[in-house]
Amino acid sequence: MTDSAVYELAQVNIARLRFPLDSPELKDFVEGLDPVNAVADRAEGFIWRLKSDAGNATDVPVFGDSWMIVNMSVWRDTNALTAFMYQGQHRELMARRHEWFERVKEAMTALWWVEAGHRPTVEEAEKRLLHLREHGPTPHAFTLRTSFSPGAE
């Protein structure tokens with residue numbers, strides 16, 4: 001039996017913008033980033049999130065596409081991540097995501113277990129997301145709907 005305390009849940013979520021970040025169309029999204037990130041930072045089970053000097057990750061390159069933005073974080077477990085995702089301001093922003101981001105058919109979110117203390121890189125996240133797209137959910141990269149126990153890989 002694996003001790004889940006030696007593992008933490010990494011998540012990556014990417015999106016392709018419909019408009020430039022400084023456009024009027026994305027004003028509500030951009031203005032919501034700091035408050036939502038502040039809620040995440042205080043959430044039960046939150047451990048870490050990717051951010052640049054700007055305080056968020058909107059200027060961190062992903063997949064070499066300047067219209068893509070990345071959100072990456074580490075959580076205690078899937079329950080902690082789910083509790084944050086579907087409540088409060090984050091839920092309100094998620095409800096409006098189709099106003100701001102292109103609809104795509106391929107997976108844009110992936111989860112995977114990391115050793116406690118490991119902070120994933122964008123390159124690592126890109127590889128996990130590509131693996132999920134190619135193979136579907138596996139212990140290497142999965143989704144909230146189809147998750148795997150820590151240490152299953």
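The distance from atom CG of Leu81 to atom CD1 of Ile47, rounded to the nearest 0.5 Å, is 11.0 Å. Note that CG of Leu50 is 12.0 Å distant from CZ of Arg119, once rounded to the nearest 0.5 Å. A distance of 7.0 Å separates CG in Leu33 from CD1 in Ile69, rounded to the nearest 0.5 Å. The line from CD of Glu102 to CZ of Phe19 is 9.5 Å long, rounded to the nearest 0.5 Å.
Cluster annotation: Met72 and Met68 are assigned to the same hydrophobic cluster (Ile/Leu/Val/Met/Phe/Trp/Tyr, side-chain heavy-atom contacts under 4.5 Å, transitive). A continuous path of Ile, Leu, Val, Met, Phe, Trp and Tyr side chains, each step under 4.5 Å between heavy atoms, connects Ile14 with Val104, placing both in one hydrophobic cluster. Leu21 and Met108 fall into different hydrophobic clusters, defined by Ile, Leu, Val, Met, Phe, Trp and Tyr side-chain heavy atoms under 4.5 Å apart, directly or through other members. A chain of hydrophobic side-chain contacts below 4.5 Å, direct or via other Ile, Leu, Val, Met, Phe, Trp or Tyr residues, connects Val30 to Met94.
Across all their heavy atoms, Leu132 and Ala141 have their closest contact at CD1-O, 3.5 Å. Closest approach of Gly45 and Ala80 over heavy atoms only: CA-CB, 3.8 Å. Between Asp59 and Ala54, the closest heavy-atom pair is OD2-CB, 4.2 Å.
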query = Which is it for His140 and His135 under the side-chain contact (heavy atoms from CB on, under 4.5 Å) test, yes or no, and what are the steps along the way?
reply = CA-CA 10 Å; His140 188 72; His135 303 284; over 6 Å; no

message = Assess the residue pair Thr109 and Val12 against the criterion (side-chain contact (heavy atoms from CB on, under 4.5 Å)); give the C-alpha distance rounded to whole Å, side-chain angles, the decisive distance to 0.1 Å, and a yes or no.
response = CA-CA 5 Å; Thr109 301; Val12 64; over 6 Å; no

request  = In sequence, state the C-alpha distance, the side-chain angles, and the governing distance for Glu31 and Lys27, and then conclude on salt bridge (Lys or Arg N to Asp or Glu O under 4.0 Å).
outcome  = CA-CA 6 Å; Glu31 288 179 353; Lys27 183 179 184 287; 2.9 Å; yes

ask   = Yes or no on side-chain contact (heavy atoms from CB on, under 4.5 Å) for Asn79 and Phe84, after CA distance, side-chain angles and deciding distance?
value = CA-CA 9 Å; Asn79 291 336; Phe84 164 73; over 6 Å; no

key: Worked check of salt bridge (Lys or Arg N to Asp or Glu O under 4.0 Å) between Glu123 and Arg128   = CA-CA 9 Å; Glu123 180 182 9; Arg128 298 286 179 149; over 6 Å; no

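Inter-residue side-chain proximity for Arg76 and Leu9 is flagged as unmet; no heavy-atom pair is nearer than 4.5 Å. Between Phe148 and Trp112 the shortest side-chain heavy-atom distance does not fall below 4.5 Å. Side-chain contact between Trp48 and Trp75 is absent, with no heavy atoms from C-beta onward closer than 4.5 Å. Asn13 has its side chain out of reach of Val70: every pair of non-hydrogen atoms, C-beta onward, lies at least 4.5 Å apart. Two residues are said to be in side-chain contact when any heavy atoms from C-beta on lie closer than 4.5 Å; Val122 and Pro61 fail this criterion. Residues Arg16 and Asp65 have side chains in contact (heavy-atom distance under 4.5 Å, counting atoms from C-beta outward). At a threshold of 4.5 Å between non-hydrogen side-chain atoms, the residues Asp77 and Glu8 do not count as touching.
In this structure, Glu25 contributes its side chain and Trp100 its backbone to no donor-acceptor pair below 3.5 Å. Not one N or O on the side chain of Thr121 forms a donor-acceptor pair closer than 3.5 Å with the backbone of Ala125.
Considering only residues two or more places apart in sequence or on other chains, Thr82 meets the side-chain contact (heavy atoms from CB on, under 4.5 Å) condition with Tyr86, Leu144. By the side-chain contact (heavy atoms from CB on, under 4.5 Å) test, Arg145 pairs with Thr143, sequence neighbours left out.
Salt bridge annotation for Lys127-Glu124: absent, with no cationic side-chain nitrogen under 4.0 angstrom from a carboxylate oxygen. A salt bridge does not link Arg18 with Glu99: none of the charged nitrogens is closer than 4.0 Å to a carboxylate oxygen.
Sorted by first and then second residue, the side-chain hydrogen bond (donor to acceptor under 3.5 Å, both in side chains) pairs involving residues 32-43 (not counting sequence neighbours) are Asp41-Arg49.
Classification of the Phe142-Trp113 ring pair by plane angle, with boundaries at 30° and 60°, yields tilted.
Taking the ring axis of Phe63 as reference, the NZ or CZ atom of Arg133 stays within 45° of it and closer than 6.0 Å to the ring centre.
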